[in-house]
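Shown next, in structure tokens, is the structure this report addresses.
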Amino acid sequence: MPFFGLGLHVLVALYFAAHAVRTGQDRYWLMVLFAFPGLGSLVYALTIWLPQARHAPEVRAATKGVQRVLDPDRELRFAQEDFDTTPTTAHRVRLGDALLAKGRADEAAMHFEKAAVGVHADDPDIRVKLAEAWLACGRAREAREQLDDVIRKHPQYQSPRGHLAYARAVAAEGDRSKARDEFDTLTGYSGDLDVHAEYAATLAGWGDHAHAREVCEKALHRIKRMPAYQRRMYRDATSRMKKLLAETR
């Protein structure tokens, strides 16, 4: 039993030593880890490993995922409380985001409309959010006009989120040629594979199953090569594209 305990301490120390070398920590940590395997590992874990792990993308993604499962209304509740306490434009926009994420597009649009006044009347970020809310309400024409005005007034403004909203608005209006151009450009530079899932769904809706399958297959191939935490981020997009592939065969 004592030998097992000693071996476990050494294995833990080896793990932290590899972490220290990989992350460029000071070399004295190696001496601490192997001179005092148990205590040294504990000190290293508390001072180096845990603070770094807390900010790792996979840990942040997992934490958010757990929060969504255990308390799906958390963000909406907090956003509503903050706005009720201090009804600033920033808190109104946050509340609009939370409402839109919960499918309450009409309420979200109302908040974005009220936010886009005064000094914020021409804020491109708020106007993009408003266009998204209008799209979710079925007001595609107004969404496109809103985004056309943003493009006209802010020619240097760049927003993949806004570009996606524009492509969706154009597609909803029935301008397929323009929508294809917008989606092709967007998927060409955007690393967000939710965009690819949206494009594939749009193509399938038009009956262009071959092109939809091509978009899905390329995106799913990229997802397979991603780290586990990134694959979890695109779980919904993956499920959506796999279902679309099955339906269009």
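Just so you know, residue 1 is the first one in the sequence shown, and it goes up from there. Nothing here was measured: the structure is a model prediction, and the numbers come from that model.
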Problem - Exam field: side chain Thr85 to backbone Glu81, donor-acceptor pair closer than 3.5 Å - result: yes
Handout entry: Backbone of Thr86 reached by a side-chain donor or acceptor of His91 within 3.5 Å
Key = yes
Fill in the blank from the handout: Of all heavy-atom pairs linking Glu173 and Ala140, the shortest is CG-CB, 4.2 Å
Exercise for the section: Classify the angle between the aromatic ring planes of Tyr199 and Phe183 as parallel (below 30°), tilted (30 to 60°) or perpendicular (above 60°). Expected result: parallel
Handout entry: Atom CE of Met31: over 12 foreign heavy atoms under 6.0 Å
Key = no
Practice task
Indicate the atoms forming the closest heavy-atom contact of Ala143 with Trp134, along with that distance.
Solution key: N-CE3, 3.9 Å
Handout entry: Residues Arg168 and Glu182 bridged, charged N to O under 4.0 Å
Key = no
Practice task
Check Leu100 against Ala136 and note the closest heavy-atom contact, atom names and distance.
Solution key: CD1-CB, 4.1 Å
Completion exercise
Nearest heavy-atom approach of Val170 to Ala179 is CG1-N, 3.5 Å
Completion exercise
Between Ala169 and Leu135, the two heavy atoms sitting closest are CA-CD2, 3.6 Å
Problem - CA sep, side-chain torsions, deciding dist, call: Val215, His211, side-chain contact (heavy atoms from CB on, under 4.5 Å) - result: CA-CA 6 Å; Val215 171; His211 194 180; 3.9 Å; yes
Handout entry: Heavy-atom check, side chain of Asp208 versus side chain of Arg180, under 4.5 Å
Key = yes
Handout entry: Nearest atoms (heavy-atom pairs only) where Glu75 meets Ala98
Key = CG-CB, 4.1 Å
Exercise for the section: Using a strict cut-off of less than 4.0 Å between a Lys/Arg side-chain nitrogen and an Asp/Glu carboxylate oxygen, indicate whether Asp125 and Lys129 qualify as a salt bridge. Expected result: no
Practice task
Look at the side-chain heavy atoms of Ile, Leu, Val, Met, Phe, Trp and Tyr, link any pair under 4.5 Å apart, and say whether Leu76 and Phe78 land in one connected group.
Solution key: no
Handout entry: Check: Asp184 main-chain N/O paired with Thr187 side-chain donor or acceptor under 3.5 Å
Key = yes
Completion exercise
Separation between CG (Leu203) and CD (Glu214), nearest 0.5 Å, reads 9.5 Å
Practice task
Before accepting this row, confirm whether a basic side-chain N of the pair Glu217/Arg213 lies closer than 4.0 Å to the acidic partner's carboxylate O.
Solution key: no
Exercise for the section: Could you tell me the separation between the CG atom of Leu193 and the NZ atom of Lys218, rounded to the nearest 0.5 Å? Expected result: 13.0 Å
Problem - Option from Asp192, Asp97, Asp194 for which salt bridge (Lys or Arg N to Asp or Glu O under 4.0 Å) with Arg161 holds - result: Asp97
Handout entry: Within 6.0 angstrom of Arg231 CZ, more than 12 heavy atoms from elsewhere
Key = yes
